[in-house]
Amino acid sequence: MSLSKRAELISPSATLAIAARAKAMKAEGIDVIGFSAGEPDFDTPSYIKKAAKKALDEGFTKYTPASGIEELKKAICQKLEEENNLEYHTSEIIVSCGAKHCLYNAFQVLCQEGDEVILSVPYWVSYTEQIKLAGAKPILIEISEEDGFKISPSQLEQAITSKTKLFLINSPNNPTGVVYSKKELEALKEILVKKGVYVLSDEIYEKIIYDAREHISIASLGPAIKKLTILINGVSKTYSMTGWRIGYAAGEKRIIGAMSSLQSHSTSNPTSIAQKAAIAAICEQTEAVDKMVVEFRKRRDYVVERLKEIPGISCLRPEGAFYVFINISEILKKRYNGEIIGDSVHLAELLLKEARVALVPGAAFGADNYVRLSYAASMNDIREGLARLREFIKKLVNGEW
Ligand SMILES: *Cc1c(COP(=O)(O)O)cnc(C)c1O
């Protein structure tokens, strides 16, 4: 039996592969420090769990409308208005099984063979696969660390062709931790509006942001760009609710309607009780999120300081999300037991096997000169993990392996 061409286009998620190997080693009793997590390590706040329990006890356990319940859509509209200065009607909102599912639905209803989707490298692993699954072609714009890992207006403009269907932006960014400023977004907006290019704005790390930086949704920069934007967000990262699978998209009614139809024939509604939990998460103002962000910031500061002391590697100071993207280009020429370390996957494998720390190879994000360190880990693990990393890399740099 041959698989479909579609299935053969996609490769399994490399981030999940390393995390799975680390998990298997742990299960064998090997003490591995995990820096590969793509999710917060905190428990879901109890006020959110309580709302889910209540929904369960009240028997809210049946199908809901496929695109989500009205009450949740209203809560999302209110959030977008109050926090992002964006006005939407509930018919312009879809709730899906995670932001990832929203992205998938969007690509499926917007893209077809021959279409191009512009995105910058490094990119989040699933974007390119989802674009290919929709029959479109990812147009990858290399952005450099020297330029702060940000796409410039001229890079964007040069990439736009008659086949361009979408531009994809993710701020705060996974894997770089970069946050675009209002001014930078304004400059990109000018191009997008001038050329009439639609934009998918993945804002899943909106609230995980540091140093008084402000998250700006590109959609909020005027009616013309709002009309062109499909905004993607969700509760996974902000409220440590990755397993609940609730994400949402906001955009033009015609697009959201098509996404809803598609969803009605595939997954149907996202889990009923998770939707109720999401209402509590979004509507009830508590200190839970602030506390998590304070903790993440502490860890970021610690990690960046420790990394600076390790020879042969460097990193930018992340402004959001919970990742540090570590430049390993100098390490890649080094030898381990006589063997040249050829790429980021090789280094990540060695780090896992020899130093017992799990990081994600940059190749997974299209940037082979890097590895991604997630500091969604306890302070104790971070201390120990960085000590191991330092020891391994120091020996590598000194040619002691
Ligand atoms: C985690 C993540 C998502 C997916 O979030 P879910 O809501 O859990 O599906 C989307 N985009 C980026 C950049 C992410 O890191």
Side-chain angles (χ1 to χ4, degrees), residues 13-16 18-19 35-42 44 48 68 72 76 79 93-108 117 119-131 133 138 143 149 151 166-180 199-209 215 217-218 230-250 259 263 266-267 269-271 274-275 277-278 281-282 289 292 296 318-325 360 362 364-367 372-376:
S13 161
T15 50
L16 296 179
I18 286 265
F35 285 145
S36 61
E39 59 185 350
D41 54 310
F42 307 106
T44 302
I48 297 171
L72 176 52
I76 292 164
K79 180 252 174 253
I93 306 289
I94 178 173
V95 183
S96 304
C97 309
K100 193 184 252 184
H101 187 209
C102 291
L103 287 160
Y104 181 83
N105 285 336
F107 288 127
Q108 286 293 320
V117 179
L119 69 162
S120 54
V121 187
Y123 48 75
W124 182 54
V125 278
S126 293
Y127 294 145
T128 44
E129 306 311 297
Q130 290 198 354
I131 291 165
L133 274 172
I143 48 173
F149 282 130
I151 189 168
L166 283 169
F167 168 59
L168 184 57
I169 188 163
N170 170 221
S171 174
N173 186 273
N174 175 9
T176 62
V178 156
V179 177
Y180 282 76
V199 49
L200 260 185
S201 179
D202 181 347
E203 303 178 14
I204 194 85
Y205 293 99
E206 170 181 23
K207 300 217 192 229
I208 305 176
I209 195 163
H215 168 77
S217 173
I218 194 166
I230 299 117
L231 182 157
I232 311 273
N233 205 333
V235 297
S236 283
K237 309 286 160 64
T238 301
Y239 303 99
S240 201
M241 290 177 72
T242 45
W244 300 72
R245 310 309 304 130
I246 297 290
Y248 56 85
M259 289 165 68
Q263 184 162 302
S266 49
T267 59
N269 62 275
T271 306
Q275 290 188 62
I282 292 170
V289 176
M292 288 193 242
F296 275 139
E319 301 161 331
F322 39 75
Y323 311 104
V324 185
F325 212 43
V360 181
F365 312 97
R372 190 192 73 178
L373 182 152
S374 159
Y375 48 91

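Heavy-atom basis, side chains included; hydrogens, waters and symmetry copies ignored. Sequential numbering from 1 along the given sequence is applied to the chain's residues. Indexing begins at 1, ligand by ligand and atom by atom, following the structure's order.
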Item to complete: Applying side chain to side chain contact (heavy atoms under 4.5 Å, CB included), name anything that partners T128, two or more places apart in sequence or on another chain.
Response: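 With sequence neighbours excluded, T128 shows a side chain to side chain contact (heavy atoms under 4.5 Å, CB included) to L119, Y123, P138, L140, given in chain and number order.
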
Worksheet item: How would you list, by chain and number, every residue that makes a side chain to side chain contact (heavy atoms under 4.5 Å, CB included) with S236, sequence neighbours excluded?
Response: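 In terms of side chain to side chain contact (heavy atoms under 4.5 Å, CB included), with neighbours along the sequence ignored, S236 is linked to T242, R245.
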
Considering only N or O atoms, set out every pair between ligand 1 and the protein closer than 3.5 Å, with distances to one decimal place.
{"unit_1": "ligand 1", "atom_1": "7 (O)", "unit_2": "A99", "atom_2": "N", "d": "2.6"}
{"unit_1": "ligand 1", "atom_1": "7 (O)", "unit_2": "S236", "atom_2": "OG", "d": "3.2"}
{"unit_1": "ligand 1", "atom_1": "8 (O)", "unit_2": "S236", "atom_2": "OG", "d": "2.7"}
{"unit_1": "ligand 1", "atom_1": "8 (O)", "unit_2": "R245", "atom_2": "NH1", "d": "2.7"}
{"unit_1": "ligand 1", "atom_1": "9 (O)", "unit_2": "A99", "atom_2": "N", "d": "3.1"}
{"unit_1": "ligand 1", "atom_1": "9 (O)", "unit_2": "K100", "atom_2": "N", "d": "3.0"}
{"unit_1": "ligand 1", "atom_1": "9 (O)", "unit_2": "R245", "atom_2": "NH2", "d": "2.7"}
{"unit_1": "ligand 1", "atom_1": "11 (N)", "unit_2": "D202", "atom_2": "OD2", "d": "2.6"}
{"unit_1": "ligand 1", "atom_1": "15 (O)", "unit_2": "N174", "atom_2": "ND2", "d": "2.9"}
{"unit_1": "ligand 1", "atom_1": "15 (O)", "unit_2": "Y205", "atom_2": "OH", "d": "2.6"}
{"unit_1": "ligand 1", "atom_1": "15 (O)", "unit_2": "K237", "atom_2": "NZ", "d": "3.0"}

Discussion item. Quick check: do Y104 and L133 have side-chain heavy atoms less than 4.5 Å from each other?
Written reply: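 Yes, at least one pair of side-chain atoms sits under 4.5 Å.
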
Discussion item. What I want to check is whether the side chains of D202 and Y127 have a donor and an acceptor closer together than 3.5 Å.
Written reply: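 Looking only at side-chain atoms, Y127 and D202 do form a donor-acceptor pair, the distance falling under 3.5 Å.
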
Practice prompt. Determine yes or no for a side-chain-to-main-chain donor-acceptor pair under 3.5 angstrom, with Q263 supplying the side chain and C102 the backbone.
Written response: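 No: the side chain of Q263 does not pair with the backbone of C102.
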
Worksheet item: Listed by chain and number, what are the salt bridge (Lys or Arg N to Asp or Glu O under 4.0 Å) partners of E203, not counting sequence neighbours?
Response: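 Per chain and number, E203 pairs via salt bridge (Lys or Arg N to Asp or Glu O under 4.0 Å) with no residue.
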
